[in-house]
Amino acid sequence: MTGSAGIIKPGLERISILLKYLGNPQEKFSSIRIAGTNGKGSTACFLNSILLQTGASTGLYTSPHIRKPEERIRVSNALYEGDLLHDVGKLEKSINSSLSKQLRDRPTFFELATAVALDYFREKKVDVAVLETGLGGRLDATAIAGNIGDVLTDIALDHTEYLGNSIEEILLEKIGHVKGMFLVSSSLPHYLGNLVKNRCEKTGCQLSVLGRNFFFERLENGAFNFILNSVTFKKLWKTSPGDFQYRNAAIAAAAALKFGDHCRIAFEKLSRGIREGIEQAFIPARFEMVSNDPLVFLDVGHNYLSSWTIRHELVKMRGEKGRKIVCVFTMMKNRNPVPFLKSLLGVTDLFIFFPSGERTLRKKDIDRYELRQIVPLEVADDFPSAYKTAIDFSGRTGLVFLTGSFVTAENYYTFTDSYEALA
């Protein structure tokens with residue numbers, strides 16, 4: 001892959017030089033940045049869908065991709081029209097010849113892709129861009145672009161080698177970029193809430209917190225009420241599965257209202273956008289039912305916090321009759337799989353691990369982590385064999401759950417696409 005693929009180099013110097021070279025495209029449209037450990041991709045999709053339903057032209061930048069790089073960049077839900085890898089390579093070649101003396105390090109792929117995305121949004125004349133941060137916040141490449149508001153989703157210990165060894169340090173990294181007119185935050189314990197409040201007071205940013213300034217009430221069958229100040233949106237419909245999506249949808253709705261206030265969007269438009277946008281939002285690979293017969297769900301959760309969200313959903317789906325559940329997973333090689341798998345014990349009858357190249361854990365890592373002593377485990381040679389074993393074990397009344405990484409989603413879609421092509 002073009003750029004310093006796989007290398008994480010926090011800092012804003014390279015992206016600043018890239019964007020200046022392109023004429024600072026990020027200054028030509030409004031933008032909202034979404035940071036957090038879990039839920040930021042879902043919240044970005046909800047917010048993009050809401051704003052699109054108000055009649056705005058939207059840009060959406062997310063990562064990583066599942067099937068092809070162009071998924072990372074969308075304008076009004078249409079995929080990036082170019083070849084992203086080619087265009088990233090072209091930009092890198094251009095800056096190497098023009099700016100070699102200014103750049104002390106090669107830009108990473110994420111930095112180059114961010115620059116391409118922002119330039120594309122300018123070219124398409126979007127009204128507003130929704131930008132999902134990459135790894136962090138303060139030193140993330142998207143930090144240059146946020147200019148209207150920010151969103152903070154759930155925070156957990158993750159990527160501690162880059163973001164800090166405590167939840168407080170990670171939170172400060174996530175909110176260190178805050179510079180817009182508002183910050184909409186997920187619920188936070190008091191001691192973390194004070195850190196966010198202090199940051200907003202220093203920057204003059206208006207803070208809204210779930211559970212304090214806005215709320216949601218779950219109803220039945222995916223419906224919920226959303227409340228902000230004295231306004232109640234009754235019986236909104238969330239078609240995206242998973243109880244955790246109520247929270248992400250509510251955060252997105254609050255952010256849309258704050259954006260509308262600052263950009264003077266008529267309340268009627270915002271109201272329609274919230275109702276229709278939440279209902280129409282499609283969020284791939286987040287507890288997505290990818291097959292009904294056999295019953296297969298896909299979720300790219302990969303850390304401890306997401307595993308408990310997954311557990312909650314599986315408990316419901318297991319039911320009183322004890323439906324068989326098989327978990328098929330792989331994980332990136334820099335992750336310890338033990339906490340993730342342990343949290344799914346008791347609701348999962350069998351775990352099946354599959355390796356997927358140099359990016360992921362290998363078979364020998366199963367013995368290194370002593371996984372067979374922790375969970376009921378089988379090891380497959382690849383995804384197709386893991387998937388077949390899972391289907392055979394779960395039977396007609398069981399459930400197969402695919403998880404652990406975006407690589408799992410990539411393998412599933414590649415496998416099913418090739419299967420359909422042969423059918």
Side-chain angles (χ1 to χ4, degrees), residues 42 66-67 218 220-223 237-246 282-302 306-331 337 340-356 360-361 363 366 371-423:
S42 294
I66 298 175
R67 283 175 278 190
R218 287 173 50 188
E220 295 179 348
N221 301 321
W237 292 97
K238 172 190 69 66
T239 54
S240 300
D243 287 350
F244 58 96
Q245 296 293 19
Y246 289 110
F282 171 66
I283 304 167
R286 268 79 172 191
F287 227 86
E288 179 187 2
M289 186 175 73
V290 292
S291 173
N292 187 41
D293 184 18
L295 190 58
V296 182
F297 279 80
L298 169 64
D299 189 284
V300 293
H302 51 267
S306 64
S307 68
W308 282 97
T309 299
I310 291 168
R311 181 185 177 88
H312 172 77
E313 299 298 327
L314 292 182
V315 167
K316 291 191 303 177
M317 302 188 75
R318 191 175 183 87
E320 295 180 2
K321 295 182 180 179
R323 179 203 302 267
K324 275 188 180 180
I325 295 179
V326 186
C327 174
V328 175
F329 75 99
T330 194
M331 281 190 154
F340 185 90
L341 299 182
K342 266 185 153 181
S343 66
L344 299 181
L345 268 175
V347 293
T348 305
D349 297 284
L350 177 66
F351 295 84
I352 305 175
F353 166 77
F354 70 95
S356 186
T360 64
L361 296 172
K363 287 184 178 182
I366 299 302
L371 291 187
R372 288 187 175 90
Q373 283 71 52
I374 299 171
V375 298
L377 178 75
E378 290 190 16
V379 178
D381 291 329
D382 50 29
F383 178 82
S385 57
Y387 188 73
K388 182 180 186 305
T389 300
I391 297 297
D392 291 343
F393 182 88
S394 64
R396 295 189 60 84
T397 60
L399 181 151
V400 174
F401 189 71
L402 314 174
T403 191
S405 172
F406 274 87
V407 177
T408 304
E410 178 187 356
N411 273 270
Y412 172 78
Y413 287 121
T414 300
F415 171 69
T416 52
D417 286 348
S418 62
Y419 178 83
E420 289 170 2
L422 293 171

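In this chain, numbering begins with 1 at the start of the sequence shown. No hydrogens, no waters, no symmetry mates; every other heavy atom, side chains included, goes into these values.
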Nearest 0.5 Å please: distance from the [atom1] atom of [X] over to the [atom2] atom of [Y].
| X | Y | atom1 | atom2 | answer |
| --- | --- | --- | --- | --- |
| L295 | T397 | CG | OG1 | 10.0 Å |
| L314 | I325 | CG | CD1 | 4.5 Å |
| F340 | H302 | CZ | NE2 | 9.0 Å |
| I310 | S343 | CD1 | OG | 7.5 Å |
| S291 | Y387 | OG | OH | 5.0 Å |
| F354 | T330 | CZ | OG1 | 5.0 Å |

N/O donor-acceptor pair under 3.5 Å between [X] side chain and [Y] backbone:
| X | Y | answer |
| --- | --- | --- |
| T416 | Y413 | yes |
| R323 | L399 | no |
| S385 | A380 | no |
| E410 | V407 | no |

### Query
Are F297 and F401 close enough that their ring centres sit under 6.0 Å apart?
no
### Task
Assess whether side-chain contact (heavy atoms from CB on, under 4.5 Å) is satisfied between Q245 and S42, documenting all intermediate values.
CA-CA 8 Å; Q245 296 293 19; S42 294; 3.1 Å; yes
### Query
Does one side chain, of T403 or D299, offer a donor that lies under 3.5 Å from an acceptor on the other?
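Note: T403 and D299 side chains miss the donor-acceptor criterion.
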### Closest heavy-atom pair and its distance - L361, F353
O-CZ, 3.2 Å
### Query
Where do I391 and V296 land on the side-chain contact (heavy atoms from CB on, under 4.5 Å) test, with the steps shown first?
CA-CA 9 Å; I391 297 297; V296 182; 4.2 Å; yes
### Task
Would you please name every residue forming a side-chain contact (heavy atoms from CB on, under 4.5 Å) with R311, sequence neighbours left out?
W308, V315, L344, V347
### salt bridge (charged side-chain N to carboxylate O under 4.0 Å, His left out) contacts in which one or both residues fall within residues 375-387, not counting sequence neighbours
K363-D381
#### Entry: K342, NZ atom: more than 12 neighbouring heavy atoms under 6.0 Å
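Check fails, neighbour count at 12 or below.
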### Message
Can you tell me if Q373 has over 12 outside heavy atoms packed within less than 6.0 Å of its CD?
### Response
yes
#### Entry: Check against side-chain contact (heavy atoms from CB on, under 4.5 Å), F393 and V400
CA-CA 9 Å; F393 182 88; V400 174; over 6 Å; no
### Task
Would you sort out whether R67 and D417 count as a side-chain contact (heavy atoms from CB on, under 4.5 Å), showing the intermediate values?
CA-CA 10 Å; R67 283 175 278 190; D417 286 348; 4.2 Å; yes
### Query
Would you call R318 and D349 a salt bridge, using N to O less than 4.0 angstrom?
yes
### Query
So do V300 and T408 actually touch side chain to side chain, heavy atoms under 4.5 Å?
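Heavy-atom side-chain distance check fails, nothing below 4.5 Å.
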### Query
Using 30° and 60° as the class limits, which term best fits the ring planes of F383 and F415: parallel, tilted or perpendicular?
perpendicular
### Task
Give me the ring orientation class for F287 and F244: parallel if the planes are under 30° apart, tilted from 30 to 60°, perpendicular past 60°.
perpendicular
### Message
Using the rule given for salt bridge (charged side-chain N to carboxylate O under 4.0 Å, His left out), can you reason through K238 versus D243, listing the C-alpha separation, both sets of side-chain angles and the distance that settles it, and then say yes or no?
### Response
CA-CA 10 Å; K238 172 190 69 66; D243 287 350; 5.8 Å; no
